[in-house]
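Just so you know, residue 1 is the first one in the sequence shown, and it goes up from there.
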Amino acid sequence: MARTHIAGFPRIGAQRELKFAQEAFWRGETDEASLRQVAAGLRQHHWQLQAQAGLDSVAVGDFAYYDQVLGLSALLGALPARFGFDPKQLTLAQYFELARGNKAQPAMEMTKWFDTNYHYLVPELGPDTRFDGGVDWFFDEVEEALALGLNAKPVLIGPLTYLCLSKTHVDGFDRLSLLPGLAAAYGRILSRLRARGIEWVQIDEPALCLDLEPAWLDAYDAAYAELARSGVKLLLATYFDSAADHAARAAALPVQGFHIDLVRAPQQLDAWRKVLPAGAVLSAGVIDGRNIWRTDLRRALSMLAPLHAELGERLWVAPSCSLLHVPVSLEAERKLDAEIKTWLAFATEKLAEVSVLARALNEGETAVAAGLAAADTALASRRGSRRVVNQQVQARVAALSAAMAERKSPFPIRIERQREALQLPALPTTTIGSFPQTPAIRQTRAAYRRGDIGALDYLQRIRGEIETAVRKQEALGLDVLVHGEAERNDMVEYFGEQLCGYTFTENGWVQSYGSRCVKPPVIYGDVYRPEPMTVETTRYAQSLTDRPMKGMLTGPVTMLQWSFVRDDQPRATTTLQLALAIRDEVSDLEQAGIRIIQIDEPALREGLPLRKGDWGAAYLDWAVHAFKISAASVADETQIHTHMCYAEFNDILPAIAALDADVITIETSRSAMELLEGFGEFDYPNEIGPGVYDIHSPRVPSVEAITHLLQRACEVIPPQRLWVNPDCGLKTRAWPETEAALANMVAAARSLREQIGKDSATTWQRTTRSAGLGGRAAHHGAAHAAGCADCASQAA
Ligand code: GLN
Ligand code: ZN
């Protein structure tokens with residue numbers, strides 16, 4: 001008898017109940033008790049769904065008031081001392097202060113959970129960290145499930161993963177030294193669970209799918225010995241990639257079972273079968289926990305059947321990872337195309353799939369004939385649908401040549417032509433694309449969506465917003481203007497809605513962090529652009545001004561990364577389809593007289609595989625190629641910009657350079673200097689606009705602060721290749737602070753230009769040329785020395 005379970009269920013609720021309860025609590029409209037009540041209701045409902053689906057256990061401990069890693073820190077009592085909270089008396093209000101900051105302390109750092117779009121709060125550990133225990137919320141949740149008479153399988157992030165994801169601010173501190181204390185704390189938690197009659201605990205160790213140093217792996221044998229002393233059975237869970245490299249070693253740990261991700265890494269099965277100890281459980285993650293497609297149940301069964309024959313009840317059937325990464329239920333999708341809807345399975349529907357698979361194994365396929373038939377029908381419809389396959393698109397992708405990814409001339413030649421054509425001053429000023437999305441703009445878009453205003457009325461109002469943005473930019477003295485993106489709700493959705501092959505859900509929300517949820521669009525078919533998407537808007541914006549207007553597009557990799565994507569063709573192919581659609585838009589913009597086109601790729605880094613060894617061939621090679629396909633059709637005179645943010649970029653600089661964009665504007669708010677040094681060291685060849693102020697804060701940067709940053713930028717990037725811009729789009733800001741900040745930015749650029757201007761025009765020209773031809777030589781050119789107070793003395 002194969003058994004069934006899930007690694008975790010989404011916690012936000014089908015109607016984002018948790019979000020609304022959190023936010024009401026934060027606004028002070030409700031108290032802790034009512035938030036706890038909503039949470040308990042959601043947990044209970046989610047367990048009932050699992051029980052009703054016939055799963056053998058329910059996942060407990062997958063709930064979190066904000067984040068599961070913060071929840072674990074609260075359980076262990078490992079809170080950053082800077083907040084001064086008593087870990088054992090932590091209130092929910094204090095827990096949220098850890099996550100969101102308070103008057104005295106910035107929030108704990110937040111970063112992406114492996115390669116997902118979920119963000120966790122990074123444990124802050126140091127020599128003084130103790131794991132003496134914190135709040136009992138986790139145990140309370142276990143009690144809730146037990147009180148309902150459910151077979152509770154608590155889920156905990158494992159010690160290896162917890163330490164791996166942590167950070168220390170103490171120089172030279174070795175986090176591994178905390179492991180004995182941490183393991184002892186896990187031992188106490190597990191013993192307590194054992195005492196409550198818990199049989200199995202799932203210990204999540206996705207860190208086993210990362211590159212791990214041998215010292216870290218070695219340390220874990222002893223730690224798991226400590227965990228095992230509790231006597232509770234442990235299911236060691238890995239997901240998001242293959243953990244085959246560590247299979248032999250993991251098999252020797254004193255644990256009773258292993259969960260592996262057979263969707264992302266089916267090839268690891270053999271390695272695990274070889275080493276699986278007699279008596280150990282193998283939990284086969286055969287249902288995609290990261291995507292929304294209905295499972296090919298027959299294919300899953302063909303993988304499971306031999307395992308079942310061999311393992312019997314030691315085979316557990318499961319989704320590949322926690323269902324946290326998919327929406328809750330298809331039930332509330334009323335507008336979704338009826339045929340496409342049959343192709344999908346959200347978290348609730350995936351529970352049923354787990355159950356059908358196990359029953360097919362245990363009772364024979366006839367017992368679940370209807371379930372299998374429904375899956376077959378859906379799959380056949382999806383495979384044969386004309387909605388999915390478009391021969392023209394397929395043929396166009398197949399016909400792509402390497403030459404189509406290359407600009408006509410190399411950068412040094414292009415940049416000369418662009419300088420000639422654009423006639424921009426040194427240190428040109430620009431912004432990243434969006435301007436404040438005022439309540440009026442949001443209302444206009446909403447009214448249009450609801451049908452309250454007609455297309456003409458809408459067009460007029462949007463044009464009014466564009467004109468406002470243009471006039472403000474002219475008044476500020478910016479050199480390269482943008483139209484402000486008033487018509488865009490979201491940089492992916494806006495394009496997705498105009499592309500064929502995309503669809504949208506009403507309620508397909510997935511938690512991104514805390515109360516923030518995203519609703520990724522769904523790419524279900526071959527993507528193409530039926531008609532121009534931004535040309536009319538951009539042409540209108542350009543008609544208002546003599547200054548160059550930047551066209552604004554979202555790049556193919558970001559379109560892919562922030563959507564639910566097809567699982568019936570390689571991601572690379574889908575990205576190339578997107579790239580062709582954008583390529584057509586780029587050409588049309590150029591035809592319409594737009595001389596600068598920005599193709600945003602903020603999500604470029606997110607697609608990186610977990611292991612460095614896979615970065616190139618498995619991702620960056622095709623991602624870079626797709627970007628180049630989208631950009632390369634234009635004449636030398638047309639300037640291609642790209643923009644990146646939300647990440648550290650220094651370790652992928654060669655790939656960023658390989659994009660061969662003429663200009664990159666890039667977020668630097670985390671550490672401007674670290675980023676710039678990276679670009680300097682690497683000798684980034686093209687033009688670059690490091691963000692000179694952080695748009696995430698309403699604080700207006702002073703002229704001095706911006707000037708200082710620019711001067712320091714000149715130390716590592718030749719000033720003739722430097723742009724001046726904020727570090728991301730301004731849509732979340734209000735106009736007053738935006739105008740004040742940009743005025744200071746323009747003033748800083750002008751004053752620095754003046755310093756450079758003291759240098760003779762001929763020198764500037766000369767340096768410009770040599771800079772164009774490459775790298776480091778220009779770095780110490782005369783213009784640089786004159787422009788940068790910091791190194792003028794050196795040059796002299
Ligand atoms: N052009 C977009 C904007 O300005 C870029 C957003 C982003 O980088 N995430 O809003
Ligand atoms: Zn950005």
Could you check Asp241 against Arg611 for salt bridge (charged side-chain N to carboxylate O under 4.0 Å, His left out), going step by step and ending with a plain yes or no? CA-CA 9 Å; Asp241 207 334; Arg611 289 230 167 82; 5.3 Å; no

With side chain to side chain contact (heavy atoms under 4.5 Å, CB included) as the criterion, how do Val317 and His308 come out once you've worked through the C-alpha distance, each side chain's angles and the decisive distance to 0.1 Å? CA-CA 10 Å; Val317 179; His308 188 230; over 6 Å; no

Apply side chain to side chain contact (heavy atoms under 4.5 Å, CB included) to the pair Leu344 and Phe564, showing each step before the final yes or no. CA-CA 11 Å; Leu344 305 179; Phe564 281 121; over 6 Å; no

Could you walk me through whether Leu160 and Leu212 pass the side chain to side chain contact (heavy atoms under 4.5 Å, CB included) check? CA-CA 10 Å; Leu160 171 64; Leu212 286 172; 4.0 Å; yes

Would you sort out whether Leu70 and Tyr120 count as a side chain to side chain contact (heavy atoms under 4.5 Å, CB included), showing the intermediate values? CA-CA 7 Å; Leu70 178 61; Tyr120 69 93; over 6 Å; no

Using the side chain to side chain donor-acceptor pair (under 3.5 Å) rule, take Asn151 and Ser57 through it: C-alpha gap first, then chi angles, then the decisive distance, then the call. CA-CA 5 Å; Asn151 178 21; Ser57 63; 5.0 Å; no

Working note: Arg383 + Asp376, criterion salt bridge (charged side-chain N to carboxylate O under 4.0 Å, His left out); need CA distance, chi angles, decisive distance, verdict. CA-CA 10 Å; Arg383 280 205 190 105; Asp376 291 344; over 6 Å; no

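For the residue pair Glu606 / Trp562, a side-chain donor-acceptor distance below 3.5 Å is found, with atom types taken as modelled. A donor-acceptor pair shorter than 3.5 Å cannot be found between the side chains of Thr554 and Asp600. Neither side chain, Ser242 nor Gln267, offers a donor N or O lying under 3.5 Å from an acceptor on the other. Thr161 and Glu205 form a side-chain donor-acceptor contact under 3.5 Å, judged by distance and modelled atom types alone.
Residue Glu310 places its CD atom among more than 12 non-hydrogen atoms of other residues, nucleotides or ligands, all under 6.0 Å distant. The neighbour count for Arg516 CZ, taken as heavy atoms of other residues, nucleotides or ligands under 6.0 Å away, does not exceed 12.
Using a distance-only test at 3.5 Å, with no hydrogens or angles considered, a donor-acceptor pair links the side chain of Asn291 to the main chain of Val565. Distance alone, capped at 3.5 Å, places no donor-acceptor pair between the Lys233 side chain and the Trp200 backbone. Panel note: side chain Lys350, backbone Ile287; no donor-acceptor pair is recorded below 3.5 Å. Not one N or O on the side chain of Gln511 forms a donor-acceptor pair closer than 3.5 Å with the backbone of Tyr118. A distance-only check finds a donor-acceptor pair linking the side chain of Thr558 to the backbone of Ala603 [under 3.5 Å]. For the pair Asp614 (side chain) and Pro609 (backbone), a donor-acceptor distance under 3.5 Å is absent. Formation of a donor-acceptor pair under 3.5 Å by the Gln268 side chain with backbone atoms of Ile260 is not found in this model. The main-chain N or O of Leu580 is never found under 3.5 Å from a side-chain atom of Tyr528 such that the two would form a donor-acceptor pair. Without hydrogens or angle criteria, Glu333 side chain to Thr505 main chain gives no donor-acceptor distance under 3.5 Å. For Ser166 (side chain) and Leu163 (main-chain N/O), a donor-acceptor pair under 3.5 Å exists by modelled atom type.
In this structure, Leu148 and Val58 have side chains that are not in contact, with every pair of non-hydrogen atoms separated by 4.5 Å or more. Put simply, the side chain of Glu363 does not reach to within 4.5 Å of the side chain of Val368, judged on heavy atoms. The shortest side-chain heavy-atom distance between Glu349 and Ser329 falls under the 4.5 Å cut-off. No side-chain heavy atom of Val326 sits less than 4.5 Å from a side-chain heavy atom of Val510. Side-chain atoms of Thr503 and Leu336, non-hydrogen and from C-beta on, do get closer than 4.5 Å to each other. Between Val263 and Asp567, every side-chain heavy-atom pair lies at or beyond the 4.5 Å cut-off. Lys112 is not listed as a side-chain neighbour of Arg605, based on a closest heavy-atom distance of 4.5 Å or more. The shortest side-chain heavy-atom distance between Trp113 and Gln68 falls under the 4.5 Å cut-off.
Annotation for Leu269 and Met303: closest pair CD2-CG, 4.1 Å, computed over non-hydrogen atoms. Across all non-hydrogen atoms, the minimal contact from Thr295 to Ala300 is CG2-CB, 4.3 Å. Nearest heavy-atom pair across Glu506 and Arg334 is OE1-N, 2.8 Å. Between Trp293 and Arg566 the shortest heavy-atom distance is NE1-CA, 3.9 Å. In plain terms, the two heavy atoms of Ala332 and Gln15 that are nearest each other are CB-NE2, 3.7 Å. Here the closest non-hydrogen pair linking Ala14 and Glu17 is N-OE1, 3.3 Å.
Distance check: Leu234 CG to Tyr186 OH gives 11.5 Å after rounding to the nearest 0.5 Å. In this structure, Glu141 CD and Trp47 CH2 are separated by 6.5 Å, a value rounded to the nearest 0.5 Å. The CG atom of Asp337 lies 8.5 Å from the OG1 atom of Thr342; values are rounded to the nearest 0.5 Å. A distance of 10.5 Å separates CD in Gln50 from NE2 in His45, rounded to the nearest 0.5 Å. Note: Ile203 CD1 to Leu253 CG = 11.5 Å, rounded to the nearest 0.5 Å. Residue Asn362 holds its CG atom at 8.5 Å from CG of Leu315, rounded to the nearest 0.5 Å.
Between Asp62 and Lys153, none of the side-chain N atoms (NZ, or NE/NH1/NH2) sits under 4.0 Å from a carboxylate O, so this pair counts as no salt bridge. Salt bridge absent: Arg290 and Asp261 never bring a charged side-chain N and a carboxylate O closer than 4.0 Å.
Below 30°, between 30° and 60°, or above 60°: for Phe258 and Trp272 the angle between ring planes is between 30° and 60°, a tilted geometry. Using the six-membered ring where Trp is involved, Trp622 and Tyr619 have ring planes that are perpendicular, over 60° apart on the 30 and 60° scheme. Between Tyr224 and Tyr220, the ring-plane angle classifies as tilted under the 30° and 60° cut-offs. Aromatic ring pairs are classed by plane angle as parallel below 30°, tilted from 30° to 60° and perpendicular above 60°; the pair His46 and Phe9 is tilted.
Centroid-to-centroid, the aromatic rings of His325 and Phe240 come within less than 6.0 Å.
With Tyr239 as the partner, the side-chain contact (heavy atoms from CB on, under 4.5 Å) test is satisfied by one option alone out of Pro206, Cys209, Ser320: Pro206.
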